[in-house]
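All remarks here apply to the structure that follows.
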Amino acid sequence: METHSYAPGEIEPHWQDEWRKKEAFKIPNDIGTLKKKPKFYVLGMFPYTSGAGLHMGHAKNYVPTDVLANFRRMQGYHVMHPMGWDAFGLPTERTAVQENEHPAHITKRNTETFQQQIQRIGFSYDWSRKIDTSLPEYYRWTQWIFLRLYEKDLAYLADVPVNWCPALGTVLSNEEVKDGKYVETGDPVERRLMHQWMLKITAYAERLLEDLDLLDWPDGLKEMQRHWIGRSEGAEITFEVKDRDSEFTVFTTRPDTLFGATYCVFAPEHPLVAQVTHPDAVSEVYNYIQEAANKSDLQRTDLATEKTGVFTGAYAINPCNNEPIPIWVADYVLMTYGTGAIMAVPGHDERDHEFATTFGIPIVEVISGSQKPIEEEAFEGDGVCVNSDFLNGLRVDDAKEKMIAWLESEKKGTRQVQYRLRDWLFSRQRYWGEPFPLAHLEDGTIVQLPDDHLPVQLPPIDAYKPTEDGKPPLARADEAWVKVKLPDGRIATRETNIMPQWAGSCWYYLRFLDAHNTDAPFDSALERYWMPVDLYMGGTEHAVLHLLYARFWHKVLYDCGLVFTKEPFQGLLNQGTILAESFQDDAGKYYYPHEVERNDDKAVVKTSGKPLHVQLEKMSKSRFNVINPNDVIDNYGADALRLYLLFIGPVTASTPWQDAGVEGVYRFLQRVWRLVVDEQNGELNEKLTAAAGTTEPELWRELHKTIKQVTEDTESIDKMNTAISQMMIFVNTATQVKSLPTETVKIFLHLLAPYAPHIAQELWHRLSEAGFIAHAAWPQYDESVLESATITIIAQVNGKLRNRLQLPADATDKEIEEAALADERVQRFIEGKPIRKVIVVPNRLINIVV
RNA sequence: GGUCGAGUGGUGGAAUCGGUAGACACAAUGGACUUAAAAUCCAUCGCCCAUAAACAGGCGUGAGGGUUCAAGUCCCUCCUCGACCA
């Protein structure tokens with residue numbers, strides 16, 4: 001008996017094998033064939049192949065995209081649905097160092113694990129398009145695209161502060177530094193200026209902002225990108241330094257408050273600091289700058305921290321009234337934002353107010369309308385100008401315009417748009433990344449290597465750390481690599497920085513279209529056919545950086561005439577996170593579930609009895625609360641895993657994992673199995689008949705209802721949970737009918753196929769159908785089947801439900817009213833009271849107001 | 001502090017345009033089957049009141065107010081939680 005029950009462990013590997021052997025999901029690359037059908041490009045953000053392997057978050061991302069791909073394929077689309085590996089980067093390099101292996105070796109191991117784990121879930125990827133960003137055949141084109149950016153003057157060298165760890169002799173990323181220390185070893189980290197490659201993403205700020213309007217993205221996500229780009233309108237104003245032959249400019253969004261500017265502030269790094277500082281203040285200013293150098297931007301600008309600063313002894317001239325105002329140096333002003341200098345208006349800016357209060361600088365009210373005295377609190381709202389000469393009486397907006405016009409006519413300032421977005425720090429002093437296709441001549445000029453030199457392959461080196469003299473690891477390579485002969489015979493030294501981990505993921509969605517092209521990154525005709533990506537799905541952690549970087553590169557490619565869409569990702573969704581219970585003691589230490597004993601809502605450590613806090617948190621290794629997708633597959637199969645991940649809630653919602661819930665969908669799959677298979681003997685269920693589906697009218701109707709709902713819910717992506725609910729209702733109905741038309745079951749299997757492809761395929765096969773159900777056409781529903789002769793009308797009295805009436809579907813409002821008034825239960829509540837109003841909502845309800 | 005989002009049974013979650021609140025599951029309880037257990041099947045399953053039982057009734061979507069014939073859904077105030085930014 002057991003041998004004939006639902007056994008995902010047997011059928012799933014079998015069909016995965018068949019799909020692989022018969023290349024069931026291979027997408028043609030011939031443009032003629034492609035053009036015969038419409039296209040749909042659905043992409044899950046490819047994984048970073050760390051040694052930790054596939055986690056539940058990946059599955060929550062890839063299951064819905066796979067369902068959608070299957071669904072569109074059955075609807076007659078060519079579906080681009082690829083998978084690949086984001087493989088360069090620091091975690092792999094670190095593992096390589098720990099294990100004393102080459103990063104390429106670690107990467108190969110990790111990507112093989114990932115592929116094997118992903119394939120067990122039964123996704124319909126075209127594996128022939130698999131890419132790996134760390135392979136020369138891929139990064140050759142990453143380098144090629146970089147050269148196009150370089151040619152457009154979008155890459156430049158600059159001195160930038162980086163996190164430098166003297167003990168390790170290396171540069172660290174922001175994520176690796178906490179409280180001025182390297183998180184792994186606790187070694188101190190300092191900020192140091194280093195020569196770095198930058199990409200001029202700010203040149204595209206306006207277009208990155210404007211073109212958000214073209215996209216079908218969630219509003220919240222667009223808003224995050226807008227904030228990040230941070231466009232603000234205002235003015236650049238020039239201040240002269242008193243008694244010195246120098247001047248500086250500030251950017252302000254509030255030129256209307258210029259009369260209230262009572263001091264100026266330079267960022268500690270501002271080049272004019274040394275020049276203007278009075279001899280008496282030099283040592284104090286110097287010490288302050290030293291201190292500020294080791295603080296992060298976040299520490300410096302945090303509203304909660306106390307403002308610090310030091311007076312330079314110099315004065316600036318306020319251009320609108322020629323008053324001398326003191327120049328301070330303070331670290332709440334950043335060199336990287338605006339001009340690195342500000343005019344401070346303590347009356348109308350919270351931070352300036354705090355600073356002025358701390359240091360006893362005068363506060364002047366120039367906008368009236370505050371509830372509190374200006375000495376107590378800055379007033380940042382709208383109001384009318386006061387104490388402002390020619391601006392007096394104007395509202396803020398008008399005052400801004402008038403002040404800008406005045407500044408421009410006096411040649412003391414200009415209208416200016418400012419962005420929060422910074423240029424992109426694009427080099428890393430590491431090994432495991434793309435080498436730059438650039439070289440340096442002895443005279444300091446930089447030359448780009450010709451396209452036919454690509455790829456610039458990573459050289460073998462003896463250690464993955466910087467050289468003694470602080471050069472990046474690639475400088476350890478032998479002369480044969482470091483020195484390069486240019487086409488004109490000159491010898492140059494290669495650039496030894498590498499590109500950041502983001503580089504490879506900036507264009508991978510294009511490489512999938514033509515993954516094996518050796519003449520170009522991708523074929524132009526294919527790009528025109530497939531782009532844009534119709535649905536891109538991934539975690540919120542990429543809502544800003546990755547998406548902004550990829551959009552930037554895409555726009556550059558557009559300007560180069562290499563792509564024909566302005567934006568790469570037309571549709572986008574963020575899947576929610578998976579939460580799970582975690583156990584933490586008072587000291588913050590986490591415990592594994594198997595170390596914990598639970599009584600009701602209390603939890604204690606099994607061995608010590610120490611009480612623990614139980615909380616729902618994002619599933620993650622560091623919280624000791626992960627559930628491995630592979631374990632779930634071992635116990636319940638891939639189809640159950642897929643269904644459960646969709647059934648727990650909307651794709652975009654964050655929902656807690658519950659082991660018991662997996663049982664529920666597993667039982668559903670067993671019921672589906674028994675619709676077709678007699679578990680006693682393995683034969684087909686005796687209830688199955690060759691009769692037409694219409695011979696079971698109630699079931700036939702439920703089927704069409706199910707087709708309708710599954711079609712609509714799958715299309716919407718976010719409602720796949722209710723699609724599954726409806727399939728459950730259908731199966732519950734089908735389990736109860738006396739005879740089961742095979743036609744009805746086969747149509748149902750089509751609906752199930754995108755969600756639970758293995759069981760659908762197996763039952764399809766057992767019903768003597770050849771080929772793959774994945775290639776069958778998506779069923780249509782018949783609206784006339786859904787219509788029924790009678791409808792249920794809700795009868796309300798004064799808005800309260802009193803009875804349900806079964807009435808003919810074509811009953812008129814009048815007839816509904818008569819039926820309701822005749823109803824005994826309704827009558828009881830009317831009790832002869834006068835009827836004031838009757839509202840009939842067609843097909844739904846009648847409300848009688850008495 | 002700002003912006004955005006969310007608060008519905010014991011749990012996850014359903015509920016087009018304002019129109020049957022709690023679909024579908026999980027857990028729990030009772031029953032059938034079984035030597036027994038598992039599995040399966042059937043039943044109950046928001047709270048209160050009433051009852052031998054049933055029919056019925058009242059209250060219920062974080063709190064308070066409002067609009068409406070009708071509010072989980074719209075408006076106002078507040079509380080709590082989450083995400084992002086500062």
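Order of the sequence lines sets the chain letters (A, B, ...), proteins ahead of strands, with each chain counted from 1.
- A distance of about 37 Å separates the P atoms of A27(B) and G18(B), rounded to the whole Å.
- Under a 4.0 Å N-O distance rule, the pair R701(A)/E698(A) does not qualify as a salt bridge.
- Note: Y666(A) and Y6(A) have tilted aromatic rings, judged against thresholds of 30 and 60 degrees for the angle between ring planes.
- For an aromatic pair to be called close, the ring centres must be under 6.0 Å apart, and F355(A) with Y332(A) satisfies this.
- Comparing atom distances between the P650(A) side chain and each of G13(B), C84(B), A25(B) picks out G13(B) as nearest.
- One finds a side-chain N or O of N732(A) lying less than 4.0 angstrom from the OP1 or OP2 phosphate oxygen of A25(B).
- Close to A56(B), at under 4.0 Å from its OP1 or OP2, lies no side-chain N or O of R802(A).
- Between D216(A) and K222(A) there is no salt bridge, since no side-chain nitrogen of the basic residue lies less than 4.0 Å from a carboxylate oxygen of the acidic one.
- Phosphate contact (OP1/OP2 of C24(B), side-chain N/O of N721(A), threshold under 4.0 Å): absent.
- Within 4.0 Å of E223(A), counting heavy atoms only, lies no atom of the nucleic acid at all.
- For the C1' atom pair drawn from G65(B) and A53(B), the interatomic distance equals 43 Å after rounding to whole Å.
- Across every strand in view, C17(B) sits unpaired, with no contact that passes the Watson-Crick or G-U test at under 3.5 angstrom.
- Across all strands shown, A37(B) remains unpaired; no Watson-Crick or G-U wobble contact has both distances below 3.5 Å.
- Using a 4.0 Å heavy-atom cutoff across all strands shown, I839(A) reaches at least one base atom of the nucleic acid.
- For G57(A) against Q575(A), the heavy-atom pair with the smallest separation is O-NE2, 3.8 Å.
- A distance of about 15 Å separates the C1' atoms of G82(B) and G62(B), rounded to the whole Å.
- Using a 3.5 Å distance cut-off with no hydrogens or angles, the side chains of T706(A) and Q726(A) do pair a donor with an acceptor.
- Spacing between atom CH2 of W657(A) and atom P of G12(B) amounts to 16 Å, rounded to whole angstrom units.
- The interatomic distance linking Q658(A) (CD) with G13(B) (P) rounds to 8 Å, in whole Å.
- Remark: the separation of the C1' atoms in C33(B) and A39(B) is 11 Å, to the nearest Å.
- Under the 90° criterion around 0 for the glycosidic angle, C42(B) counts as anti.
- Across all strands shown, the partner of G1(B) is C85(B), judged by Watson-Crick or G-U wobble contacts whose two distances both fall under 3.5 Å.
- Atom CZ of F668(A) and atom P of G13(B) are 20 Å apart (whole Å).
- The 5' end of RNA chain B is approached more closely, in terms of each residue's nearest nucleotide, by Q796(A) than by the other of R674(A) and Q796(A).
- Nucleotides A15(B) and A21(B) are separated by 7 Å at their C1' atoms, to the nearest Å.
- Residue R671(A) has a polar side-chain atom (N or O) positioned under 4.0 Å from OP1 or OP2 of A25(B).
- Here C24(B) is the nucleotide among U20(B), U3(B), C24(B) with the atom lying nearest to any side-chain atom of M728(A).
- For the pair Y666(A) OH and A38(B) P, the computed distance is 17 Å after rounding to whole Å.
- As rounded to the nearest Å, G9(B) and C45(B) have C1' atoms that lie 10 Å from one another.
- When Watson-Crick and G-U wobble pairs are counted only if both distances are under 3.5 Å, G12(B) pairs with C24(B).
- Counting non-hydrogen atoms under 4.0 angstrom, Q709(A) reaches nothing in the nucleic acid.
- For Q736(A) and C42(B), the shortest distance from a side-chain N or O to OP1 or OP2 is below 4.0 Å.
- Look at CG on L801(A): it is 13 Å from P on G72(B), rounded to the nearest Å.
- In this structure, the nucleotide among C69(B), G13(B), U40(B) sitting nearest to the side chain of R667(A) is U40(B).
- Residue T540(A) is out of contact with every strand shown, counting any heavy-atom pair closer than 4.0 Å.
- Put simply, CG on D349(A) is 16 Å from P on A86(B), counting in whole angstrom units.
- When the nucleotides G12(B), A86(B), G19(B) are ranked by their closest atom to the side chain of R351(A), A86(B) comes out on top.
- Residue E712(A) places its CD atom among more than 12 non-hydrogen atoms of other residues, nucleotides or ligands, all under 6.0 Å distant.
- Residue-level contact check: K222(A) touches neither bases nor backbone, having no heavy atom under 4.0 Å from any strand.
- The pairing partner recorded for G7(B) is C79(B), the criterion being a Watson-Crick or G-U wobble arrangement whose two distances lie under 3.5 angstrom.
- Pairing partner, G30(B): C42(B), with both Watson-Crick or wobble hydrogen-bond distances short of 3.5 Å.
- Between E206(A) and R231(A) there is a salt bridge, since at least one side-chain N of the basic residue sits less than 4.0 Å from a carboxylate O of the acidic one.
- Using a 4.0 Å heavy-atom criterion, one finds that I729(A) contacts the sugar-phosphate atoms exclusively.
- Rounded to an integer number of Å, the gap from R231(A) CZ to U3(B) C1' is 19 Å.
- No contact: R226(A) has no heavy atom under 4.0 Å from any strand.
- Residue F647(A) is in base contact, counting any heavy-atom pair closer than 4.0 Å across all strands shown.
- Distance check on atom C1': C24(B) versus C75(B) gives 33 Å, rounded to whole Å.
- In this structure, the nucleotide among A21(B), G12(B), A15(B) sitting nearest to the side chain of K719(A) is A15(B).
- Q726(A) comes within contact range of no nucleotide atom at all, as no heavy-atom separation falls under 4.0 Å.
- Anti is the classification of G5(B), since its glycosidic angle lies more than 90° from 0.
- Separation of atoms NZ (K60(A)) and OG1 (T652(A)) is listed at 7.5 Å; rounding is to 0.5 Å.
- The P656(A) side chain lies nearest to G12(B) when the options are G12(B), U40(B), A21(B).
- For the pair D718(A) CG and U16(B) P, the interatomic distance rounds to 14 Å; values are reported in whole Å.
- Picking from C85(B), U40(B), U11(B) the nucleotide with the shortest atom distance to the side chain of R420(A) gives C85(B).
- Checking G19(B), G12(B), C24(B) against the side-chain heavy atoms of L845(A) singles out G19(B) as nearest.
- Rounded to whole Å, the P atom of G60(B) lies 11 Å from the corresponding atom of A71(B).
- Side chain of A660(A), nearest nucleotide from C26(B), C84(B), U20(B): C26(B).
- When all heavy atoms of Y644(A) and P656(A) are compared, the closest pair comes out as OH-O, 3.9 Å.
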